[in-house]
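Small disclaimer: the values here were computed from a predicted structure and weren't measured. Any value given below was found using the heavy atoms of this structure, including those in side chains, with hydrogens, waters and symmetry copies removed. Order of the sequence lines fixes the chain letters, A, B, ..., with proteins taken first and strands second; residue numbering starts at 1 for each chain.
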Amino acid sequence: MIYEGKKKIWSEYQKEIPDDHYFYVRSCIRQNFFPASEKMFLEIVRNRLGRDFHETEHHTTCGGIAYHSDAIPQETVMTIIARQFALMTEAGYENYVASCITSFGLYTETIESWKHFPDLEAKIREHLWKTCRKEFKVPKYLAHASDIIYKYRNLIASKARYKLINVKTGKPLRVVEHIGCHYAKMFPSKGVGGAEYPYVLAGMIESWGGEIIDYPERRHCCGFGFRQYLIKANRGYSMSNTHKKFESMEPFKPDMIITNCPGCPYFLDRWQYVISELEGKTYGENGYGIPVFTYEEVAGLVLGYDPWDLGLQMHQVAVEPLLDKMGIQYDPSMKYKGNEGRDLGMPEMPHFLKCC
Amino acid sequence: MNRKKNILIAGAGPAGLEAAYRLSMMGFSPILVEKEEMPGGHLNKWDRLFPEREAADEILERLLSRVKNDVNIKIFTSSYIEQINELNDSYNVILSTGVTIIAEAVLITTGFDLFNASRKEEYGYGIYERVITNADLESWFKGNGKIPVENPQSIGFVHCVGSRDEKAGNRHCSKVCCVTAVKQAIEIKEIFPHATVYCFYMDLRMFGRHYEDMYLEAQQKHGIRFIRGRVSEVSENKEGRLVVKAEDTLAGKPVKATMDLLVLMAGMTRPASSASLYEQLDLSMDEDGFLRQSDAILNGQSNHRKGIFVAGACTGPKTLPDTIHEADSAAMAIYEYLNRMTV
């Protein structure tokens, strides 16, 4: 692989990411799957980096799951999005940042559609006024939350307590980066690094000391793919996608996977359990799986937050092997303790996938 | 006829060289201006030519020798036209070297640029070492450099790279890539007889005489496998081999193959370095970026500008024989034009 060639492409796909003052919208599903990621994002940008990120309890889903499942028409989803933009406008912000990749893709698609079809935008404005009595400005800048962490990656590195380095060997951890399909595949110029060789997560990995793995199925879908999973009969197809990725990355012996999409870490994490039950096969070392993280969780680890405060006990694949490699101090007895030491209960252990 | 009339020829590739020879034979003084150090254009970089596989060097030598041995023909290499202004019945031309020329007619033979294959990011040119272009392979055939793998066992050719591709901004067919791919596939198979060679094509445009014969020879004699479908993405496995994903539209299913070498058939695009000249002369271009001909059927070498003529791939992708014929035709058109002017 010619690294200089990648750098050239990365230099061609750089987007403007404002430094401060954002209206933040959460994902529908991330708080269930990876409960501390969004909280950690706000903790880092507000309290560690001192930036202004506003959120409101009045925002809703963007409608993306229903839209991509063909459950609601485009005009409906655009009206939902118009309402989100109205909330941003009312709060006095111009920069909009979405936690969810699908939302980011859908916002991008909507804004681009309105540029090409102004009549459609006018119609949506009318729908929004009739239904909510609201008006909106189109965001001046649209970012995905991983763009923000990418922008601050060196700042985070300067405050890092741990690095993506194996403390026993001194070598960089081998990291698979998985980008959500809706980040840049539809609009390559809207993603840092473009669609084919995205840099948004690779940049974080480089800044935090890791080594990026470029494996053959790097671009392949995680397996979520909406109708692949949402329609129960298709779930075998969903898992076969995930299986394909793990078979492809296995020879590279990754230490961890970092993702920037709500669905990807969930499917890459949970399907490892199902594959182990079906085939008795695991992809990590010594019977463990390959730990899968959101970029906020990794940023949190790098900055020295307690792994259990980051919600890493909610992962199917045990994260302890990775914590040990990074030299992170943690208390195993606190893994399943909630606030104020409340016992959360121990999950049932899988048959084949080794968990701590 | 005025034997002292100067004809400025912008570009000393095959079209420029051929036209210079013809114009000199007609009694004019052709002046070739070439931006590169050596005249000959892309022919300098090619090894053998389809369909008979003549040596490109020999063809170029024949073109060059006629020009070099002709005292009527002047050639300025490592030069480009910095400024050009229309006078009453001629053009005042200032070259980058400071040379000033008064020319009664101007022939544009600026040729083409090879499509920058790294723009098709999904194919990994410039990212993966084993992905090369048709030009790289031809250069290796010619004895320059080396290919990135010593004894490839599996080799793929990707047709239409940057051609017939809306996403790349090039809707046009580059015309020569299909037959070049077949030629190169045969040649590499002759060098590595044990290798499996694939050609991924959209449809094979074997329009020229003997092209179809080459296509049949490739299949019957050399066992080259033709897969109708486009390559969707290329990546690299642990061993540094290429994992190529494509669609086989005849079988109706996706295919994935591990290959040692992938050759991208980069197509033709407008010559970027000629933009300033085109702008100064206010030459019209079509949507594909190639120069517009005033009457492509009966007067293909004329332009809407008085005294300006065009020949070769600057008006669109062409084979070498077509380019040579256009150069001859342009010489005739210039002859007629200047005769009319004299009368």
Find out whether Ile2(A) and Tyr125(B) are in side-chain contact, i.e. whether some heavy atom of one side chain is under 4.5 Å from a heavy atom of the other.
-> no
Residue Glu37(B) excluded, over 12 heavy atoms near CD under 6.0 Å = no
Would you check if Arg219(A) and Ser235(B) make a side-chain contact, meaning some heavy-atom pair closer than 4.5 Å?
-> yes
Side chains of Glu129(B) and Met1(A): closer than 4.5 Å at any heavy-atom pair?
-> no
Considering only heavy atoms, which portion of Tyr197(A) lies under 4.5 Å from any heavy atom of chain B: side chain, backbone, both, or neither?
-> side chain
Is Tyr237(A) atom OH crowded by more than 12 heavy atoms from other residues, nucleotides or ligands, each under 6.0 Å away?
-> no
Lys163(A), NZ atom: more than 12 neighbouring heavy atoms under 6.0 Å = no
For atom CD of Glu285(A), decide whether the heavy atoms of other residues, nucleotides or ligands shown that lie under 6.0 angstrom number more than 12.
-> no
dist Tyr123(B):OH -> Glu196(A):CD (nearest 0.5 Å) comes out at 10.0 Å
With side chains defined as the heavy atoms from C-beta onward, is the minimum distance between Lys238(B) and Glu250(A) less than 4.5 Å?
-> no
Options Glu4(A), Arg218(A), Glu217(A), Lys8(A), ranked by heavy-atom pairs under 4.5 Å with chain B, top entry = Glu217(A)
Taking C-beta and beyond as the side chain, do Ile9(A) and Glu121(B) meet within less than 4.5 Å on heavy atoms?
-> yes
Is chain B contacted by the side chain of Tyr215(A), its backbone, both, or neither, given a heavy-atom distance below 4.5 Å?
-> backbone
Chain A contacts, top residue of Val243(B), Ile127(B), Val131(B) (heavy-atom pairs, under 4.5 Å) = Ile127(B)
Heavy-atom neighbours of Glu279(B) CD exceed 12 at 6.0 Å | no
